[in-house]
Structure formats: C-alpha cells, structure tokens
Amino acid sequence: MKKKNKKKICLVASIIMLTIVLGYILLCRTRITTSEANLVFGKIDIILNQEESDTLKEILNNKLLFMENLYCGFSEDKSIKFGDLIFCIAHDSCNVIKVGKMYFNISEEEREIINQIFKNHGGRFPCI
C-alpha cells in the first residue's frame, strides 16, 4: 500500500512540475495582437508600411522571454511599437530585444533585417 502511495505522489508531483514549466513557456512569450508597427528612432516616429510591419511581427512575435540584467543599452527612443508593446532594440550589436523588464534573443539574420528597416527610415545601429 505504501509503494502505491509513493508512486501516486511522484506522479502527481511530476504532473504539477510539468504544468508549471509548460505554463511558464506559454505565458512568458511575446504576444503581438495588432498588425500596425511604429518605428521610433530619436525624433523619427513613423507608422511602417504593411510589409515592414508584417516582417517585424514575424520576427518579434511569440518569442520566449527571460529576466536578466543586460547592459547592451536599451531605450524607448530606439524601438518598434505594436500597440502598447514596445520592443526596445539594443543600441550596440547585441542580438537582444527588451520588452518591459524582460528580454529575448533574435538571430543575426533577424537583427540585420531590423537594422535595414531602421536604416530605410533614417535610423542606424550601433548607435552608442
């Protein structure tokens, strides 16, 4: 009887841990619900065309967020906005984006696409 109880306890504990891990993965992701993006770079604040907005949404949406103290340099005056979500781009060449107090990684290819979109509208990176 005691062996069965131990197995049940282990099974329940495993299910609880799995639920916590999956909940974290599902809840701590970027969720973009709008289709229109604004690009901000210093005094530049423009609404991007649909193609650029879609490209950025594909890059920035559904990314796994993490907490860290990074020193790449981030500010809202060098960002991409989708509604209330503000994606601050690292001022140097780090492949990291800040959203609120959390961060996520992007690939070098994705960073180059973002850099090119900023360049098309008068922004440039690195901008330290």
Side-chain angles (χ1 to χ4, degrees):
M1 190 79 164
K2 287 185 179 182
K3 231 179 187 182
K4 283 187 176 182
N5 284 340
K6 285 184 180 180
K7 284 185 179 180
K8 285 182 182 179
I9 290 171
C10 285
L11 179 63
V12 169
S14 297
I15 290 170
I16 291 170
M17 288 300 293
L18 183 62
T19 302
I20 291 170
V21 169
L22 288 175
Y24 174 79
I25 290 171
L26 293 174
L27 293 176
C28 290
R29 290 191 171 271
T30 57
R31 299 267 188 260
I32 299 173
T33 57
T34 61
S35 60
E36 185 177 88
N38 280 58
L39 179 142
V40 178
F41 194 92
K43 294 181 181 181
I44 301 167
D45 187 347
I46 60 166
I47 297 172
L48 297 175
N49 66 42
Q50 195 60 53
E51 181 182 348
E52 290 172 323
S53 293
D54 290 345
T55 299
L56 290 170
K57 185 174 183 177
E58 187 176 316
I59 291 171
L60 303 173
N61 200 26
N62 204 30
K63 296 289 189 175
L64 185 60
L65 297 165
F66 61 88
M67 294 188 78
E68 189 71 45
N69 288 323
L70 298 176
Y71 301 98
C72 301
F74 300 93
S75 65
E76 290 185 14
D77 73 335
K78 297 185 180 51
S79 64
I80 298 163
K81 297 179 184 179
F82 280 93
D84 293 338
L85 280 176
I86 301 172
F87 296 88
C88 299
I89 313 302
H91 294 179
D92 58 11
S93 57
C94 288
N95 295 330
V96 179
I97 307 288
K98 182 178 181 186
V99 181
K101 294 182 180 182
M102 299 187 81
Y103 303 85
F104 64 89
N105 294 310
I106 57 173
S107 69
E108 285 191 32
E109 289 174 352
E110 291 170 327
R111 178 62 196 241
E112 285 302 315
I113 292 168
I114 290 171
N115 289 354
Q116 187 59 51
I117 291 172
F118 271 86
K119 186 177 178 182
N120 293 346
H121 298 285
R124 62 177 171 75
F125 291 98
C127 59
I128 300 173

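Every value quoted in this text rests on a predicted model; they were computed, and no experiment measured them.
Nearest heavy-atom pair, S35 versus S53, reported as atom, atom and distance to 0.1 Å: O-CB, 3.3 Å. Considering all non-hydrogen atoms of both residues, K63 and I59 come closest at CE-O, 2.6 Å. For the pair T30 and F104, the tightest heavy-atom approach, listed with the atom from each and the gap, is CG2-CE2, 3.7 Å. Residue F74 comes nearest to C88 through the heavy atom pair CD2-O, 3.5 Å, listed as atom of the first residue, atom of the second, then distance. Nearest heavy-atom pair across G83 and T34 is N-OG1, 3.6 Å. Of all heavy-atom pairs spanning D92 and P126, the tightest one is CA-CB, 3.9 Å.
I80 and L85 end up in the same hydrophobic cluster when Ile, Leu, Val, Met, Phe, Trp and Tyr side chains are linked at under 4.5 Å. When hydrophobic clusters are built by joining Ile, Leu, Val, Met, Phe, Trp and Tyr residues whose side-chain heavy atoms come closer than 4.5 Å, directly or via intermediates, F82 is grouped together with L65. In the hydrophobic clustering of ILVMFWY residues, with side-chain heavy atoms under 4.5 Å counting as a link, I47 and L60 come out apart. Note on I32 and I86: separate hydrophobic clusters, where clusters join Ile, Leu, Val, Met, Phe, Trp and Tyr whose side-chain heavy atoms are under 4.5 Å apart, directly or indirectly.
A heavy-atom distance below 4.5 Å is found between the side chains of I97 and I89. Side-chain atoms of Y103 and C72, non-hydrogen and from C-beta on, never get closer than 4.5 Å to each other. A 4.5 Å side-chain heavy-atom check between N95 and I106 finds at least one atom pair inside the cut-off.
In this structure, CD on E112 lies 11.5 Å from CD on E110, to the nearest 0.5 angstrom. E68 CD to M102 CE: the interatomic distance, rounded to the nearest 0.5 Å, is 10.5 Å.
Checked against L48 for a side chain to side chain contact (heavy atoms under 4.5 Å, CB included), the options T55, L56, D54 give a single hit: L56.
Atom CD of E76 has 12 or fewer neighbouring heavy atoms from other residues, nucleotides or ligands inside a 6.0 Å radius.
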All N/O donor-acceptor pairs, side-chain side in residues 113-121, below 3.5 Å, sequence neighbours left out:
from	atom 1	to	atom 2	distance (Å)
N115	OD1	R111	NE	2.9
Q116	NE2	N120	OD1	2.8
N120	ND2	Q116	O	3.4
H121	NE2	E52	OE1	3.1
H121	NE2	E52	OE2	3.1

V40/K81 under side chain to side chain contact (heavy atoms under 4.5 Å, CB included): CA gap, chis, key distance, verdict: CA-CA 8 Å; V40 178; K81 297 179 184 179; 3.8 Å; yes
Verdict with supporting geometry, R31 and N62, side-chain hydrogen bond (donor to acceptor under 3.5 Å, both in side chains): CA-CA 6 Å; R31 299 267 188 260; N62 204 30; 2.9 Å; yes
